[in-house]
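Worksheet: one structure, shown below.
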Amino acid sequence: MNDLHIPASQSTPEIRTDSAAGTLLMRGDSYPENSFELFSPLLGWVQRYLAETVQPLVLNLHLLYLNTSSVKVMMEIFDNLEEAHAGGRTVSVNWHYDQENERVAELAEEFKEDCSFPFNIVQQ
Amino acid sequence: MNDVTPLDLRIEALLADAQYDDHPLRGALNELYGEFRSQLHLIERVTHVSDLYQHMAREQNQSLLERYRRQLKKLEKIARISDRYQAVMRDLNEALKDASNHDALTGLANRRMLMDALRTESNRLLRQGRPMTLVLADIDHFKQINDAYGHERGDAVLVDIARAMASSVREYDLCGRWGGEEFLIVMPETGLPEALEAVERMRRAIAALHVVAGEHNVTASFGVAEHLPGDHLSATISRADTALYAAKKLGRNRCEVAPAGSQPASPAAD
């Protein structure tokens, strides 16, 4: 499976996938000008990984600011995880935040609300 | 498919009865009965198909309604989270704005904010034809404090003096750090007599701190310049600076007033 290695830019997060390890990393701010261009490979990877393999998937998120289209994409990814989880797949999210940025944790709590798979909000 | 009714039985019995075989109405009844049966069958088929359609439409409607509700819930969640991100950004923006207008050490207005306030006030007072007064204050022998006791002590002295000055000015005056150990106080709609009262309050407040550095009780000197409508800001600042220099030359811990504007300030301390 082709992995994604998208470096961070001023308005987009770093995105790295590792199919062998079953991990997806996102780090930084996300307010892309063209959210479709950035996120369709990401959504594609998540859907293919869940469909074509049986291994667990762990999301490691170090996200700060998200604009509306990024919020929507994250919710779509979590919906995919939720569906996989309902089908017996091992999936989890670790949402990391800095101590001096408590409000990121509050926002992660909002995302977590409807998720029944393990969703950890971790202080760094 | 359809139930057999007593009428059906009666008709069928009459048609089967041999004694009516040659009756002229028998043929017509037979045809009519056949036609009736096939029409009945058709109605039942149509009803059945129609029921199926209705059932399908109802199921489709329910699944659409379900999907609509799910999407609506999702949309509400996106909006809620997005609103919170925007609130974070707005607060961050406020904090940055505040940081860009204030001196990190003393918390007073910084030079940028002072310049903005000077421009705004001088334009406003020009329209109203009213004066304002600018005061430049400088801590006496500050370099010696820094040299003898280190910058940390110097910073602490700056913070103490800033606090004393800020609490001695009036509510609508703006006291800020102009640079180094120099402070600027903008006093809108204020003539010299009132300004000098405020300066004297500040001078005494600083002396009353009894911040001692070496053999010196830390004090400050002041240069005051009245800004009349139409004066150039830079000229007023420069007059206040010259007056401050004069106060230093005349022994420090005192206040000097610049001569009226619209003419070059006399170099009092030459």
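Just so you know, these numbers come straight off a predicted model, no measurement behind them. Heavy-atom basis, side chains included; hydrogens, waters and symmetry copies ignored. Throughout, a chain's letter reflects where its sequence line sits, starting with A, and its residues are numbered from 1.
- Here the two rings, on A:F119 and A:F78, have centers that are under 6.0 Å apart.
- Proximity to chain A (any heavy atom under 4.5 Å) is restricted, for B:K73, to the side chain, taken from C-beta onward.
- Residue A:Q124 qualifies as enclosed at atom CD: its count of foreign heavy atoms under 6.0 Å is above 12.
- The one candidate from B:V135, B:L118, B:L174 that meets the side-chain contact (heavy atoms from CB on, under 4.5 Å) condition with B:L184 is B:L118.
- Residue B:A79: no heavy atom, backbone or side chain, is found under 4.5 Å from chain A.
- Under the 4.0 Å criterion applied to side-chain N and carboxylate O atoms, A:E76 and A:K72 are assigned as salt-bridge partners.
- Using a 4.5 Å cut-off between heavy atoms, B:D83 does not touch chain A at all.
- Residue A:D114 touches chain B through both its backbone and its side chain, counting heavy-atom pairs closer than 4.5 Å.
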